[in-house]
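Structure first, commentary second.
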Amino acid sequence: MVKGVIFDMDGTMFDTEPLSARCWILAGKEMGVDMAEEIPLKCRGKTREAIRRIFLDALGEEFDFELLYRIKNRIFMESLERDGVILKKGLLPLLRYLRQKNIPAAVATSSGRDRVSRSIARAGVGDYFQACICGDMVKDSKPAPEIFLKAAAALGLSPGDCLVLEDSAAGVLAGKAAGGYTIYIPDMEPVPEDEKQGITAQMRDLEEVIGWIERENGGNCQ
């Protein structure tokens, strides 16, 4: 039975992954660096420290990652403030359903606390979540399950009773490792078939999750 739902943020709740990848490229250009497009794609679902390692491996140990990170976040937040946050299809119906059924929800994202709080506030969905675990609150980046284990604990639940919603390979692997339900909803980059082995389900959008929870719980929610 699903007693709690844990949402990844970028690419799952919000359609921000293309924007994030573009902001890394723009930040690089501002620093005079022509960055290969595959470098930002490797950053999906990773913590700041893991992303730092990706850039240093690609651009050299002397590369000023901290400057790149600051520029990228400035460009990203300027875009959100200017254009708003695009919600993924079905997010609001699912959040309203969970509230109606008294199923608590948490956010578990590799992004830092400042960006997460501003993004969630800009999207106007903060009241739907009982907990939020960010990338700067954990030691190990996805695909390690730490972030989902902490999110379950913050909800006062066993990880096995929680449903993880993810769009990235690292997130799917972390969800499986956490030991509960994992539903994969594709976004920018498909998760390889072998990494999807053992997930609970794959769905087109978040609205489909409502029917799945209804069937899994047999209408017996809290």
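Classification of E166 and K176 as a salt-bridged pair fails, no side-chain N sitting under 4.0 Å from a carboxylate O. By the 4.0 Å N-to-carboxylate-O rule, K139 lies too far from E49 to be salt-bridged with it. At a threshold of 4.0 Å, the pair K150-E146 counts as salt-bridged, since one of the basic side-chain nitrogens sits closer than that to a carboxylate oxygen. Under a 4.0 Å N-O distance rule, the pair D15/K89 does not qualify as a salt bridge. With respect to the salt-bridge test (charged N to carboxylate O, under 4.0 angstrom), the residues R115 and D136 do not qualify. Classification of R44 and D167 as a salt-bridged pair holds, one side-chain N sitting under 4.0 Å from a carboxylate O. At a threshold of 4.0 Å, the pair E61-R53 counts as salt-bridged, since one of the basic side-chain nitrogens sits closer than that to a carboxylate oxygen.
One N or O on the side chain of S117 and one on the backbone of D114 form a donor-acceptor pair closer than 3.5 Å. Panel note: side chain Y181, backbone L165; no donor-acceptor pair is recorded below 3.5 Å. Under a 3.5 Å cut-off, the side chain of T182 and the backbone N or O of I199 do not form any donor-acceptor pair.
One distance of note links CG of D140 with CG of L149; it measures 10.5 Å at 0.5 Å rounding. Atom CG of L157 and atom CD of Q130 lie 10.0 Å apart (nearest 0.5 Å). Separation of atoms CZ (R118) and CG (N73) is listed at 9.0 Å; rounding is to 0.5 Å. Separation of atoms CZ (F63) and CG (L56) is listed at 8.0 Å; rounding is to 0.5 Å. How far CD1 of I25 is from CG of D34: 9.0 Å, rounded to the nearest 0.5 Å. Distance check, rounded to the nearest 0.5 Å: CG of D10 to CG of L19 gives 9.0 Å.
Heavy atoms from other residues, nucleotides or ligands lying under 6.0 Å from NZ of K196 number more than 12. The environment of D83 atom CG is dense: over 12 non-hydrogen atoms of other residues, nucleotides or ligands sit within 6.0 angstrom.
Across all their heavy atoms, G112 and C134 have their closest contact at C-CB, 4.2 Å. Nearest approach of A105 to F7, heavy atoms of both residues: CB-CE1, 4.0 Å. Nearest heavy-atom pair across C43 and I51 is SG-CG2, 3.6 Å.
In this structure, a donor-acceptor pair under 3.5 Å is absent between the side chains of S168 and K142.
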**OP:** Show your working on side-chain contact (heavy atoms from CB on, under 4.5 Å) between K88 and D205 and close with a plain yes or no.
**Re:** CA-CA 8 Å; K88 296 291 282 190; D205 56 57; over 6 Å; no

**OP:** I would like to know whether Y184 and M203 meet side-chain contact (heavy atoms from CB on, under 4.5 Å); could you show each step before the answer?
**Re:** CA-CA 6 Å; Y184 164 54; M203 297 183 181; over 6 Å; no

**OP:** Check step by step if salt bridge (charged side-chain N to carboxylate O under 4.0 Å, His left out) holds for R74 and E78.
**Re:** CA-CA 6 Å; R74 171 178 57 77; E78 285 173 353; 3.7 Å; yes

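Residues I86 and T16 form no side-chain contact, since every pair of their non-hydrogen atoms from C-beta on lies 4.5 Å or further apart. Using a 4.5 Å cut-off on side-chain heavy atoms (C-beta onward), S158 and K3 make no contact.
By the criterion of side-chain heavy atoms lying less than 4.5 angstrom apart, applied directly or through intervening Ile, Leu, Val, Met, Phe, Trp or Tyr residues, L91 is grouped together with L80 in one hydrophobic cluster. No single ILVMFWY cluster, assembled from side-chain heavy atoms under 4.5 Å apart, contains both V138 and L173. The hydrophobic clustering, which links ILVMFWY residues whose side-chain heavy atoms are closer than 4.5 Å, places V125 and V209 together. Put simply, I183 and L206 are part of the same group of oily side chains (I, L, V, M, F, W, Y) that touch within less than 4.5 Å, one to the next. Linking Ile, Leu, Val, Met, Phe, Trp and Tyr whenever their side-chain heavy atoms come within less than 4.5 Å leaves V172 and W212 in two separate clusters.
For the pair R48 and Y69, the cation-pi test (distance below 6.0 Å, angle within 45°) is passed.
Taking the six-membered ring for Trp and thresholds of 30 and 60 degrees, F55 and W24 have ring planes inclined between 30 and 60 degrees apart.
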